[in-house]
There are 2 protein chains.
Amino acid sequence: MASSIAELISERIDTLPASERRAAQTLIANYPLIGLKTVADFSQQAGVSSPTILRFVARLGFHNYPEFQSALQDELAAQLQSPASRTFAPAASGDGIVSPTLEATLDNLRETFRHISDRQLAGIAAKLSDRRGHMYLIGGRFTDPLARYMAAHMAIIRPNVFHLSGQESIWRDRLIDMGKHDVLLIFDIRRYQESLVRFAEKAHHRGVQIVLVTDQWLSPIARFARHVVAGRTAMPSAWDSSASLFVIAETLIDAVTRQLDTEGARRIREMEELR
Amino acid sequence: MASSIAELISERIDTLPASERRAAQTLIANYPLIGLKTVADFSQQAGVSSPTILRFVARLGFHNYPEFQSALQDELAAQLQSPASRTFAPAASGDGIVSPTLEATLDNLRETFRHISDRQLAGIAAKLSDRRGHMYLIGGRFTDPLARYMAAHMAIIRPNVFHLSGQESIWRDRLIDMGKHDVLLIFDIRRYQESLVRFAEKAHHRGVQIVLVTDQWLSPIARFARHVVAGRTAMPSAWDSSASLFVIAETLIDAVTRQLDTEGARRIREMEELR
DNA sequence: TAGGCGCCGTATCATATGTTACGGATTTTA
DNA sequence: TAAAATCCGTAACATATGATACGGCGCCTA
């Protein structure tokens with residue numbers, strides 16, 4: 001069916017007039033990038049005139065050139081999101097429970113960390129390692145558990161870690177204690193919660209440094225954030241997956257732990273003795 | 001050297017003004033396709049004005065927007081030609097933060113699911129889909145957030161889901177309401193908490209069906225559990241990782257959602273309307 | 001607190017880009 | 001062979017698109 005544009009072309013390539021066929025061939029040969037350039041570039045590369053290009057895409061069923069380009073981009077986007085696995089055939093067990101979910105999760109993780117650099121994480125870790133200020137964590141409806149998870153670890157290796165839980169009014173009241181030396185770590189994926197956005201804005205105005213962990217569409221909180229980390233969340237399922245955010249959290253925990261190193265180690269030992 | 005544009009950006013992202021940084025972040029998050037669209041599209045997606053986008057690409061060293069787009073396209077072309085290079089950019093990053101953590105996590109996930117069968121998960125999902133009984137969730141010090149995460153989802157697709165939080169005495173009192181039709185889902189990794197073990201034992205004696213999600217060394221609760229799922233947690237780090245347990249949780253959520261299917265879908269719609 | 005500086009959006013402008021009309025060339029059909 | 005239809009490029013056109021000037025705003029410094 002609908003399938004890819006490349007297939008659509010190779011189906012009809014025999015029925016095309018000569019010049020348009022040249023256009024088709026050059027497109028296939030440089031698929032799909034030449035189609036993302038201008039009509040002039042495309043036509044020159046194919047050795048035909050611009051109107052020929054336009055007639056060509058019109059014959060494929062597109063109403064205009066930009067529409068054709070959008071289709072190519074969508075296709076490319078889908079291709080880029082799921083690296084290896086999509087190129088190969090579905091690994092036989094297409095209808096199992098485990099396989100699709102696991103594969104999608106692995107893809108999400110790889111894709112997520114492809115866009116995250118060591119230096120970015122190091123910058124965030126440095127901020128989270130600053131024991132002078134307070135560290136606050138909070139999350140949305142589904143992501144608040146991630147904030148709790150991270151808080152549980154951070155509280156062990158550094159002082160003044162607070163997870164903001166309960167009613168909105170409760171966090172709001174804590175704003176009074178927040179200042180420019182403090183860090184607020186927020187987890188927020190769509191649908192983004194207004195209450196969180198409001199809270200972030202107020203914290204930002206108080207000078208609090210915000211670290212945001214969000215999805216690829218970026219929560220509106222990004223506007224106020226000093227650091228933004230985006231994870232992939234799309235899944236072949238009714239739900240989005242927060243697994244990539246979870247691994248980001250664990251990576252940060254690890255990074256901060258290493259940064260605090262000796263100090264943190266002593267703290268952990270002390271804590272052991274207190275139990 | 002010049003290397004990729006993505007790297008170029010992450011190098012300089014700290015020196016950028018706020019709005020341009022936001023542009024940079026959206027570009028990285030949707031790399032590189034958003035950069036191939038028009039300035040208007042880009043700016044809208046990033047929530048900034050078009051001149052900001054242009055100032056941004058100018059600061060990266062490009063003389064104009066088309067030149068920037070060409071660079072992206074060249075990069076993309078190179079990438080599309082050699083699929084192998086997609087795996088990762090700097091392979092030499094043995095000492096980075098990202099690489100070792102990510103690799104270990106991916107290994108853990110693969111190894112975890114190698115030992116989990118569809119039928120095992122299907123059995124658990126069937127139990128969790130039984131809407132006649134109550135479903136209780138609880139976790140240990142670090143894993144309780146996982147219980148919360150799962151509870152947040154389960155509560156949407158089926159009735160009578162309860163996360164047990166707070167003091168030990170509080171859960172204990174809820175035992176009075178638990179019976180043989182109910183399910184208790186426990187997350188527990190080492191070091192296993194005595195309080196959880198005691199609680200599990202009592203629940204077991206009341207005939208509650210226990211589902212245990214634990215690490216590869218199996219919590220002592222396994223003795224009382226009807227179903228046991230073990231995930232890999234070992235990491236080259238000071239901490240164990242719960243990522244595999246998290247993905248198990250998401251897989252179960254997905255499986256139960258599919259099982260309840262039509263019923264669940266109606267419930268979700270109803271819930272949407274209530275908001 | 002006042003002054004200076006850099007940031008960033010609004011509005012305007014120039015032009016690159018897609019689009020269309022038209023006519024000559026080529027092939028097909030009668 | 002003549003007529004018709006199709007193909008295809010040239011050139012003019014409209015507009016979407018990138019670029020720029022300008023002014024307000026917030027932030028830092030003195």
Side-chain angles (χ1 to χ4, degrees), chain A residues 5 12-27 32-73 179-181 201-210 218 220 222-226 228, chain B residues 5 9 12-27 32-73:
Chain A
I5 298 178
R12 305 197 188 173
I13 198 167
D14 291 328
T15 74
L16 294 177
S19 282
E20 294 184 28
R21 190 176 316 161
R22 285 195 65 177
Q25 283 159 349
T26 35
L27 176 58
L33 282 183
I34 191 68
L36 297 180
K37 296 184 186 284
T38 68
V39 176
D41 288 342
F42 191 170
S43 67
Q44 190 174 359
Q45 177 92 6
V48 300
S49 70
S50 344
T52 298
I53 300 296
L54 297 187
R55 281 189 285 261
F56 165 59
V57 304
R59 205 183 294 256
L60 290 179
F62 299 98
H63 294 81
N64 50 35
Y65 195 68
E67 183 178 306
F68 163 71
Q69 288 188 315
S70 294
L72 282 180
Q73 287 185 347
K180 69 175 70 165
H181 293 302
E201 180 169 14
K202 285 177 188 142
H204 173 65
H205 282 136
R206 293 188 62 86
V208 177
Q209 306 255 15
I210 295 181
L218 297 193
R223 171 180 301 278
F224 312 115
R226 182 77 183 73
V228 176
Chain B
I5 298 178
I9 293 172
R12 305 198 187 171
I13 197 166
D14 290 326
T15 73
L16 295 176
S19 280
E20 293 183 30
R21 184 158 50 216
R22 193 167 154 73
Q25 282 155 355
T26 31
L27 175 58
L33 282 181
I34 191 69
L36 298 180
K37 296 185 187 284
T38 68
V39 175
D41 287 342
F42 191 171
S43 68
Q44 190 174 0
Q45 177 92 8
V48 300
S49 69
S50 350
T52 298
I53 300 296
L54 297 181
R55 282 189 284 260
F56 165 60
V57 304
R59 205 182 295 256
L60 290 179
F62 299 98
H63 293 83
N64 51 32
Y65 194 70
E67 182 178 308
F68 163 71
Q69 288 188 316
S70 295
L72 282 181
Q73 288 184 348

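Here is how names work: the chains are called A, B, and so on, in the same order as the sequence lines, proteins then strands, and each is numbered from 1.
Atoms CZ and CG, on Phe42(A) and Leu27(A) in that order, are 4.5 Å from each other to the nearest 0.5 Å. Atom CD1 of residue Ile5(A) and atom CG of residue Leu72(A) lie 4.0 Å apart, to the nearest 0.5 angstrom. Note that OG1 of Thr52(A) and CZ of Arg59(A) are 10.0 Å apart. Values are rounded to the nearest 0.5 Å. Atom-to-atom distance recorded for Arg55(A):CZ and Leu16(A):CG is 12.5 Å, nearest 0.5 angstrom. Distance check: Asp41(B) CG to Leu33(B) CG gives 12.0 Å after rounding to the nearest 0.5 Å.
Taken residue by residue, residues 47-61 of chain A places heavy atoms nearer than 4.0 Å to DNA chain C at Pro51(A), Leu54(A).
In this structure, Phe62(B) places its CZ atom 13 Å from P of dA19(D), rounding to the nearest Å. Computed from coordinates, the Lys37(B) NZ to dG18(D) P distance equals 12 Å when rounded to whole Å. Atom NE2 of His63(A) is separated from atom P of dT20(C) by 12 Å (rounded to the nearest Å). Between His205(A) atom NE2 and dC27(D) atom C1' the separation is 13 Å, expressed in whole Å. A straight line from CG of Asn64(B) to P of dA19(D) spans 5 Å, rounded to a whole angstrom. Between the P atom of dA16(D) and the CD atom of Glu67(A) lies a distance of 15 Å, rounded to the nearest Å. The distance from atom CG of Leu16(B) to atom C1' of dC7(C) is 12 Å, rounded to the nearest whole Å. Nucleotide dA16(C) holds its C1' atom 19 Å from the CZ atom of Phe42(A), rounded to whole Å.
Side chain of Glu20(A) to main chain of Val57(A): no donor-acceptor pair is present (N/O by atom type, distance under 3.5 Å, no hydrogens or angles). No donor-acceptor pair closer than 3.5 Å links the side chain of Gln45(B) to the backbone N or O of Ala23(B).
Terminal axes of the helix from dT1(C)-dA30(D) to dA30(C)-dT1(D) (five pairs each, C1' rotation axis) are separated by 20°, to the nearest 10°.
When distances are taken from the side chain of Ser19(A) to each of dA19(D), dG9(D), dT19(C), the shortest belongs to dG9(D). Residue Pro17(B) has its side chain nearest to dC7(C) when only dA19(D), dG18(C), dC7(C) are considered.
At most 12 heavy atoms of other shown residues, nucleotides or ligands fall within 6.0 angstrom of atom CD in Gln44(B).
Taking the six-membered ring for Trp and thresholds of 30 and 60 degrees, Phe224(A) and His204(A) have ring planes inclined between 30 and 60 degrees apart.
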